[in-house]
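As the structure is a computational prediction, the values presented were derived from the model and not from experiment. Just follow the structure's listing: the first ligand is 1, and inside any ligand the first atom is 1.
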Amino acid sequence: MLGNIHSTESFGTVDGPGIRFVVFFQGCPMRCLYCHNPDTWSAEGGTKMSAAELLAMYTRNQVFYKDGGITATGGEPMLQLPFLTELFEAAKKQGIHTCLDTSGICFDPEHPEQTDRLLAATDLVMLDIKQIDDSLHRKLTGHSNRRILAFADRISSKSVSLWIRHVIVPGWTDTPEEQEALGFRIGGLKTLKALDVLPYHNMGRSKYEAMGIPYPLADAQPVSQDEAMKAKAAILRGIRRRLHESSAGYAEGR
Ligand code: SF4
């Protein structure tokens, strides 16, 4: 089987724990207004590669990956589910830590079992939740967040470690009410291990210009680290409220 690969990075440090071999999959059905990888959107293009070829690239530098592993990102890796599953199963046979960086948009809540083989070969999922309010999510990404939240529940039910990523975008995800609501929702996920709150930046702008696509957030200013930290505090408040209510409910039910 061959995957359609946009590119690879030998020494990734922001896509999971440790130093990682990062595989960028070609193709994404979402159209997030702040996407900084519009060159990965099209399912066409990219380079056809086998799992064995990718793992051979990993092996060449494996001395550097002892606390890291392999990360599949994109684009949207789950758009190529059979190939992604083959890659992760082959990696697990070699004892390699596997991390899936995904939007979760390809998960089908009517057929949740379709991703179970993939999850069985995945050590960590980094799931991007773009906006907890569904109508805003549709405007921000072109899709409902229903599949994404259902995938979060499936990951948790399969006991796979989960990191949630959330980008603070001016005018879109920057109110404490939305952030706390997000926290309340993800506070119910049993395998939640980390929360990564990222400030919006406009470094992808030049790619839009090169591709001749209007940059959708032309007026948005980059968000500071300080603002991102305040947003993280609001999300954590929501998580704590959920945990408190769950434990109170447990105590009442005893
Ligand atoms: S899911 Fe990721 S790659 Fe796809 S449009 Fe959104 S930010 Fe870009």
Original post:
Can H97 and R20 be said to form a side chain to side chain donor-acceptor pair (under 3.5 Å), step by step?
Top reply: CA-CA 9 Å; H97 182 275; R20 310 191 67 87; 3.0 Å; yes

Original post:
Which residue and non-hydrogen atom of the protein lie closest to atom 8 (Fe) of ligand 1, and at what distance in Å?
Top reply: C35 SG, 2.3 Å

**OP:** May I ask you to identify the nearest protein heavy atom to atom 3 (S) of ligand 1, giving residue, atom name and distance to one decimal place in Å?
**Re:** G75 N, 3.7 Å

**OP:** Would you mind telling me if ligand 1 is within reach of the side chain of W41, the backbone, both or neither, using heavy atoms under 4.0 Å?
**Re:** side chain

**OP:** Could you find the nearest protein heavy atom to atom 6 (Fe) of ligand 1 and give me its residue, atom name and distance?
**Re:** C32 SG, 2.4 Å

Original post:
Among all protein non-hydrogen atoms, which one is nearest to atom 4 (Fe) of ligand 1, and what is the separation to 0.1 Å?
Top reply: C28 SG, 2.3 Å

Original post:
Are the aromatic rings of H143 and H137 close, with centres under 6.0 Å apart?
Top reply: no

Subject >> Donor-acceptor side-chain pairing of H166 and D128 below 3.5 angstrom >> reply: no

Original post:
How about S206 and E209: does a side-chain donor come under 3.5 Å of a side-chain acceptor?
Top reply: no

Original post:
If you measure from each non-hydrogen atom of K130 to ligand 1, which part falls under 4.0 Å: side chain, backbone, both or neither?
Top reply: side chain

**OP:** Determine the minimum heavy-atom distance between P109 and R146, stating which atoms define it.
**Re:** CG-NH1, 4.0 Å

